[in-house]
Every structure is written in structure tokens, then in C-alpha cells.
Engineer: 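Shown below is the structure under consideration.
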Amino acid sequence: MTQKPAKPAIYRPRKKTRSVQKADAAPPPRAPKAKARATWPYVLLMLGAWGLILGGLFFSHFLSNLPDVGNLMISGASQDITILDDRGRLIARRGLTQGAMVRAEDLPSYVPGAFIAIEDRRFRSHFGVDPIGLGRAAFQNAMTGHVVQGGSTLTQQLAKNLFLSPNRTFERKMQEAMLALYLERRYTKNQILTLYLNRVYFGAGVYGIEAASQKFFGKHASELGLTEAAMIAGSVKAPARYNPLSDIDAGLKRARIVLKAMQEAGIIDENTRSLAAATRPRIVRANGTPGSGWFADWIMAHLNDVVGPSAEPVIVETSFDLETQTMAERAVANGLESEGGKFNAHQAALVAMTPDGAVRAMVGGRTYGGSGFNRATDAVRQPGSAFKPFVYLTALEHGHTIDETVNDGPVNIRGWQPTDFEGHFKGQMPLIQAFAESSNSVAAQLTAEVGPKEVARTARRLGIASPLVEVSSLALGTSGVTPLELTGAYAPFANGGNGVVPFGVLRVKTRSKVLYERKPSSLGGVMSAQDDMQMTRLMSEVTATGTGKAARLDERPAAGKTGTTQDFRDAWFVGFTADLVCGVWIGNDDNKPMIKATGGTLPARMFHAFMTDAQQGLPVRPLTGSALMASAEPPATEQAAASTPAEEKTKPDTFQRLLNGLFGGT
């Protein structure tokens with residue numbers, strides 16, 4: 001049986017079932033995705049670590065500049081100095097910039113409560129920075145379109161006041177916030193409040209609640225009433241505007257806002273608020289006149305020369321007189337107001353002292369508020385002819401007499417040819433007339449004869465301390481002096497010939513002891529009684545018939561000398577009575593020329609106005625030199641002259657004496 005041949009195998013392609021299944025089953029690589037998700041925490045951890053590192057570097061930039069806050073609780077009280085006039089009246093209180101530290105818990109509860117209510121109601125609950133307060137402030141500012149609220153806490157304000165500049169920069173705000181956080185960690189809330197109350201600025205130059213309380217109300221902080229506490233708390237917002245000494249009405253208006261805030265915060269009730277709002281506290285003000293600050297500044301500048309620093313409050317008793325100062329300020333203000341414009345004179349200075357050098361009044365300019373620069377003590381100006389008394393005194397000491405004849409004529413001293421104010425010469429005249437009419441020619445001749453060095457020596461002997469250039473032009477007052485020293489140098493003419501050093505401090509004391517007491521003293525005699533008598537006659541003639549007639553006082557003897565410098569840059573009158581020596585200067589700070597202002601015009605009239613007021617009620621007394629003259633026998637030269645023919649009374653004129661001195665003539 002034959003077999004059937006086998007059928008050939010037919011190729012059949014495989015179905016792609018598996019491949020389809022593989023395509024459908026592709027998602028199973030889930031294990032790798034799970035692995036990727038497992039790495040995210042590590043990535044986040046790494047990012048966080050780098051963020052911390054970068055943040056640490058960022059904040060370290062600010063931390064590196066933060067100050068040490070470890071010793072803030074140490075008290076930093078400053079010296080408290082009270083300046084009184086000769087009758088015990090308050091002139092000024094200086095030096096009290098920060099009072100002794102007072103703990104917040106030792107104050108009545110409404111005192112710190114006033115600050116918390118108006119500045120930081122969440123003070124007790126926040127951690128130094130108040131996010132809620134910041135948000136509220138931001139919302140209010142956005143609604144109004146400008147800044148009406150601040151978000152700084154008391155702690156931030158403390159940090160800023162203690163350590164940081166007022167610049168509104170991002171860096172400063174960061175430092176402020178970081179310091180606030182640090183302070184909150186380092187100190188308790190009461191300690192922070194104590195630091196704030198004792199270091200914040202309240203205006204009028206005082207820091208700290210104790211200093212402010214004493215400055216404004218004359219009491220300790222622990223004695224403050226509710227309205228007073230509200231006024232002090234309210235002044236923090238704008239110290240220059242709201243402090244009670246600046247504007248009491250503005251301060252009271254602000255205090256009512258504080259009281260309302262205290263009521264809203266539950267610190268006081270409505271009845272208490274109403275009563276406090278209706279109360280007007282008594283403000284302690286200095287009795288000093290507006291211009292007493294010049295004298296107070298002068299005292300403060302030299303107080304360390306008398307006593308050293310004291311931990312106790314210091315009381316300085318002075319020679320100053322507030323009523324005399326008022327008269328001095330009035331004379332200067334009225335003079336500049338009425339004639340300053342005409343003469344183009346914008347500033348003035350006036351110093352008044354007793355003949356022993358005790359300063360009674362000091363005006364250092366037009367107004368103290370406009371300029372605290374003290375022109376009476378610090379402005380060095382040329383005295384002009386007001387320097388001539390030292391020239392004539394030197395001449396008297398070298399044998400000249402006031403009645404001898406001199407020549408007011410042209411003179412040439414090594415090429416220097418001084419002229420007189422009028423522009424012409426008057427020829428032969430008595431020495432007393434040459435002085436009264438302020439002859440430049442005669443003064444130059446006298447100086448050339450005796451020598452500029454001798455004239456400078458005389459001026460220094462009488463009290464001029466400023467440098468003097470020993471040249472011929474010194475005769476006309478070309479070396480600068482201050483009004484105070486020039487007035488002091490005239491005092492010997494008024495007191496019989498004794499040198500003085502102008503002074504203002506009589507006694508310095510604390511509550512427990514006397515630190516300093518001035519003893520009567522002088523530089524001794526700086527001229528003879530005879531020369532003082534002759535100088536008094538010379539200067540009396542100035543007010544009687546000479547350039548200073550405008551300074552003459554009705555029924556009261558007065559003497560003095562005018563002074564005018566080149567181009568009318570300075571004008572002076574310095575003079576005296578038996579009771580007071582007074583110097584007046586007018587001019588401009590920029591040294592611009594005035595308009596024909598001489599010492600015999602406005603300065604002499606200011607002198608007259610002041611002296612008339614200042615000596616009302618005082619007995620009329622002769623000048624010291626006049627008294628000597630009245631009681632003294634006529635000098636031997638005058639006795640001899642009484643029987644000498646008139647033509648023999650005339651001595652060689654001063655120019656001839658000059659030639660004799662220079663060339664050995666007889």
C-alpha cells in the first residue's frame with residue numbers, strides 16, 4: 001500500500017497577540033516612577049539646606065553690624081545744670097539730656113499705659129514684631145493713599161532710637177526687626193518698657209521720662225498726673241511740635257488723643273478720661289528772656305574751667321540780671337528795627353557789666369532763635385577808633401597831658417598817610433578835642449611817638465586778649481577784638497584804674513555742698529589815679545561835645561568812645577557810668593559794608609536807650625575819675641601854668657614831638 005505523500009508545511013505568521021499584550025502591558029515599569037518619587041524629599045531637603053545657608057549668609061550681613069545690647073540697663077544720667085540770675089530767678093536749665101533711670105513698674109500704671117495705648121497696644125502679646133499691626137497699618141495706608149499709621153512696635157522703636165539711623169532703607173528695617181527680636185529674647189517686657197521710657201526723645205533736648213518730667217512739669221516721673229503722662233506720651237510722635245515747652249495747646253490736643261486711646265484700650269474709663277481731658281497741667285518754664293540763651297551758652301562753655309563734672313544736679317548762681325537783659329534786648333531789637341535798614345546793618349551785640357567785670361546783660365545778635373552764634377563773645381571785629389583810649393593812655397603815661405596843643409594835620413609815617421572821617425584836617429587843637437573828635441592823624445602821631453609795641457602792651461594790660469599786630473595802623477583799631485573783651489578793657493576807666501576779667505559765675509553748688517565760690521579779685525592797678533582822671537575827662541568830652549553826643553545821658557555823667565572801621569564795616573560805642581560799663585557793636589556777619597553807619601549814630605543811640613532804662617531809679621553818681629578830679633589838687637603843671645603867659649602854655653605839637661623822638665631833636 002503506497003503512502004500518500006506528506007503535505008508541505010504551510011508557513012503561517014504568528015499572531016501578534018503577545019506584542020499587543022506587551023504594548024498593553026507597557027505601564028508596568030511602575031517601579032522606576034516610585035523610585036523617582038522617593039527622591040523628591042531629598043531634593044527638597046537639599047533645597048532647604050541651601051536656603052538656610054543662603055539665608056544665614058543673608059542675615060549674617062545684618063547681624064555683623066548689630067551692636068551689643070548687653071549693658072542697656074545701666075543708667076546713663078547726664079549732668080543737670082540750673083543757671084540762676086543774681087536774684088535766684090531761673091535763666092536756663094542745661095545739660096539734663098537724660099535723667100536717672102526709672103523702672104516701669106515703679107511708675108503709676110497709667111504712665112506706661114499711656115505709651116502702650118498710643119504707640120503699641122499689642123505690646124504685651126507680640127514677640128517684638130507685630131504682624132497684625134503691620135497688616136493693619138498697611139491696610140490703612142493703602143486706603144488713604146499715604147502713610148497714616150506705622151507698624152513699628154515699642155521694641156522696634158527702642159532698637160531704632162538706641163542704635164540705628166533714621167534712614168528708611170531696607171537694610172535698616174531688617175536690622176530694626178532683628179534687634180527687636182533679640183531684645184525680646186534678652187529682656188522681659190517690663191525691662192524693654194523701662195528701656196524705652198528712659199531712652200526715647202521727648203523734645204526740648206531731653207531723653208527719658210525722668211528728664212522730661214522734670215523739664216516740663218518740675219516733678220519726678222513717679223509724681224506725674226494722668227494728663228501730664230498723656231502729654232509726655234503724645235510728644236513722642238513729633239517731639240519738636242508736641243512737647244509742652246514748644247506748644248502747650250498742640251501738646252494738650254495730642255494728649256486728648258492719647259487719653260481716648262487709653263479709654264479704648266481699657267486702661268481708664270470714660271469719666272476718668274473726661275476729667276483728665278479738661279485738666280490743664282502747669283508747665284515749668286524758664287524765666288529767662290528769649291535772648292538769655294547767649295549768656296547761658298557762655299556760662300556752659302566755661303563752667304568746666306570752674307568745676308568738674310558732678311553726679312548731682314548743679315546750681316550755678318550768676319551775676320546776670322534778667323530785667324537788665326530785657327532792657328538790653330529791647331534796645332538792640334528796637335534799634336535794628338528802626339534804623340538797621342537805613343544803615344544796612346543786620347546784626348548787633350551788646351554787653352553790659354559792672355565796673356568790676358560782673359556781666360549783667362549779654363545780647364549776641366538780633367535774635368537768639370534766629371542765630372545762636374554769640375557775637376558778643378565770639379565775633380572778632382576791628383574796633384576802629386574805639387581802640388584809641390589805649391593809645392591816649394599810653395601817651396599820657398609818656399608825659400602828654402590832655403590840655404596840650406596838638407596838630408590835626410597831614411602825616412606820613414613810612415608811607416602810611418591816615419586821613420580823618422571828614423576828609424579834611426582841622427589844624428591846631430587841644431589833645432582833649434582831638435580825642436573827642438576822634439582825630440586819626442593825632443592818634444597815628446601819638447602811636448608813632450610812643451611805639452606800637454607800647455600801645456599794644458597797654459591794651460593787653462587793660463584786658464585785650466586777642467592778638468594785636470604791632471604796626472602803626474594799630475592806632476586806628478585794625479586788630480580784631482570781641483565786644484566782651486573790649487568792654488571789659490574799658491572797665492578800668494570806670495572803676496578807678498583796676499584791671500578786671502569779665503565774669504558771670506558767682507557760686508556753683510549742689511544740694512549737699514558748695515563746689516565753687518568766687519572771691520573778690522582784680523588784676524590790680526593798671527593805670528595811675530591821675531591817668532584815670534585824665535582819661536575820664538577825655539571820654540566825658542566825647543559824649544559832651546564830640547562824636548558820641550548821641551550817647552549822652554540826661555542828668556547822669558557818662559563817658560565813652562565811638563569807633564568806625566574802614567568802609568563802615570563795623571560801628572561801635574563803648575562807654576560807662578558810675579554803675580555800668582556797656583559796649584555796643586553793629587555790622588553784618590558777612591562783613592559787608594554798612595551805609596555810613598558810624599559809632600556816633602545807631603550804636604550810640606542803642607547805648608543811650610539801654611543805659612537810660614537800666615539805670616532808672618539809681619542815684620546819680622559822678623564817674624570815678626570825675627570824683628578824683630573834684631577832690632584832687634590841680635596838677636603841678638597846671639599850677640605852674642596859672643602864672644605863665646598864654647603863649648608859653650602851648651607845648652610843641654605832637655608831630656613835632658614825633659620828629660624829636662625819631663631824630664633825637666629837642
Side-chain angles (χ1 to χ4, degrees), residues 99 102 104 106-125 130 132-133 136-137 139-141 143-154 156-158 161 193-194 196-286:
V102 180
D106 292 337
L107 298 169
S109 60
Y110 52 77
V111 176
F115 290 86
I116 292 174
I118 195 64
E119 293 293 328
D120 185 6
R121 293 191 194 179
R122 290 172 44 80
F123 172 72
R124 296 290 182 183
S125 60
D130 185 9
I132 296 176
R136 183 178 58 249
F139 176 77
Q140 291 292 334
N141 296 338
M143 292 295 292
T144 58
H146 60 279
V147 178
V148 295
Q149 282 191 18
S152 294
T153 64
L154 286 179
Q156 287 176 274
Q157 292 181 44
L158 174 63
N161 291 336
L193 193 55
T194 293
Y196 178 85
L197 293 174
N198 285 277
R199 302 299 177 90
V200 72
Y201 182 58
F202 290 101
V206 294
Y207 293 80
I209 194 166
E210 178 67 14
S213 180
Q214 293 194 36
K215 179 88 172 182
F216 302 148
F217 305 113
K219 60 178 65 174
H220 294 293
S222 59
E223 301 170 334
L224 286 171
L226 178 56
T227 310
E228 295 165 339
M231 289 189 75
I232 287 183
S235 69
V236 172
K237 181 179 181 180
R241 178 182 178 187
Y242 291 127
N243 83 76
L245 295 181
S246 176
D247 188 337
I248 186 172
D249 292 327
L252 282 170
K253 185 177 180 180
R254 175 68 178 164
R256 295 187 186 102
I257 296 174
V258 175
L259 291 168
K260 184 178 180 181
M262 294 176 73
Q263 180 188 345
E264 293 172 351
I267 298 172
I268 58 175
D269 57 31
E270 184 177 358
N271 290 335
T272 304
R273 181 198 63 78
S274 299
L275 182 61
T279 303
R280 190 178 182 90
R282 174 181 169 272
I283 308 300
V284 175
R285 294 185 180 274

Engineer: Strictly by modelled atom types, are N271 and S274 linked by a side-chain donor-acceptor pair under 3.5 Å?
Structural biologist: no
Engineer: Considering only heavy atoms from C-beta outward, does the side chain of R280 approach that of L252 to under 4.5 Å?
Structural biologist: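 Yes, side chains in contact.
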Engineer: Is there a side-chain contact between S222 and V102 (heavy atoms, below 4.5 Å)?
Structural biologist: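 Heavy-atom side-chain distance check fails, nothing below 4.5 Å.
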Engineer: Applying side chain to side chain contact (heavy atoms under 4.5 Å, CB included) to L224 and I209, what does each step give before you reach the verdict?
Structural biologist: CA-CA 10 Å; L224 286 171; I209 194 166; 4.2 Å; yes
Engineer: Enter the distance from M231:CE to F202:CZ here, rounded to the nearest 0.5 Å.
Structural biologist: 13.0 Å
Engineer: Evaluate K215 against L245 for side chain to side chain contact (heavy atoms under 4.5 Å, CB included), listing each step before the verdict.
Structural biologist: CA-CA 9 Å; K215 179 88 172 182; L245 295 181; 3.8 Å; yes
Engineer: Look at the aromatic rings of Y207 and Y201 and report parallel, tilted or perpendicular, splitting at 30° and 60°.
Structural biologist: tilted
Engineer: Answer yes or no: are there more than 12 heavy-atom neighbours, outside K219 itself, under 6.0 Å from its atom NZ?
Structural biologist: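 Counting neighbours around NZ of K219, more than 12 heavy atoms of other residues, nucleotides or ligands fall under 6.0 Å, so yes.
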Engineer: When you compare the side chain of P244 with that of F217, does any pair of heavy atoms fall below 4.5 Å?
Structural biologist: yes
Engineer: With a 4.5 Å limit on heavy-atom distance, are the side chains of D269 and T272 in contact?
Structural biologist: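 Yes, close enough: below the 4.5 Å cut-off.
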Engineer: Nearest 0.5 Å, what's the CZ-CD distance between R121 and E264?
Structural biologist: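 The CZ atom of R121 sits 5.0 Å away from the CD atom of E264.
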Engineer: Locate the shortest heavy-atom distance separating L107 from V111; write the atom from each residue and the value.
Structural biologist: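 What the structure gives for the nearest pair is CD1-CG1, 3.9 Å.
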Engineer: Less than 4.5 Å apart, any side-chain heavy atom of F216 and any of N243?
Structural biologist: yes
Engineer: Would you give the length of the straight line joining atom CZ of F115 to atom CD of Q157, rounded to the nearest 0.5 angstrom?
Structural biologist: 10.5 Å
Engineer: Could you tell me whether the side chain of L154 reaches within less than 4.5 Å of the side chain of I116, counting heavy atoms only?
Structural biologist: yes
Engineer: Strictly below 4.0 Å, N to O, side chains only: are K237 and E119 in salt-bridge contact?
Structural biologist: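 No salt bridge links K237 with E119.
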Engineer: Would you check if R273 and M262 make a side-chain contact, meaning some heavy-atom pair closer than 4.5 Å?
Structural biologist: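 They are not in contact (no side-chain heavy atoms under 4.5 Å apart), so the answer is no.
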Engineer: Would you check, one step at a time, whether the test side chain to side chain contact (heavy atoms under 4.5 Å, CB included) holds for H220 with Q214?
Structural biologist: CA-CA 6 Å; H220 294 293; Q214 293 194 36; 3.6 Å; yes
Engineer: Roughly how far, to the nearest 0.5 Å, is OG of S125 from CZ of R122?
Structural biologist: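 It is 4.0 Å, given to the nearest 0.5 Å.
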Engineer: Measure across G203 and P239 and return the closest heavy-atom pair with its distance rounded to 0.1 Å.
Structural biologist: N-CB, 3.4 Å
Engineer: So, applying side chain to side chain contact (heavy atoms under 4.5 Å, CB included) with P281, which one of I248, T227, L226 is it?
Structural biologist: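 It is T227; the other options fail the test.
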Engineer: Taking the side chain as every heavy atom from C-beta outward, state whether D247 and Y242 have any pair of such atoms under 4.5 Å apart.
Structural biologist: no
Engineer: Apply the test side chain to side chain contact (heavy atoms under 4.5 Å, CB included) to residues F123 and L193: give CA-CA distance (whole Å), side-chain angles for both, the deciding distance (0.1 Å), then the verdict.
Structural biologist: CA-CA 9 Å; F123 172 72; L193 193 55; 4.2 Å; yes
Engineer: So that I can tick it off, tell me whether R254 and D249 are bridged by a salt bridge, with the cut-off set at under 4.0 angstrom between side-chain N and carboxylate O.
Structural biologist: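 No, D249 and R254 are not salt-bridged.
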Engineer: Working to the nearest 0.5 Å, report the span between CZ of R241 and OG of S235.
Structural biologist: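 One gets 13.0 Å once the value is rounded to the nearest 0.5 Å.
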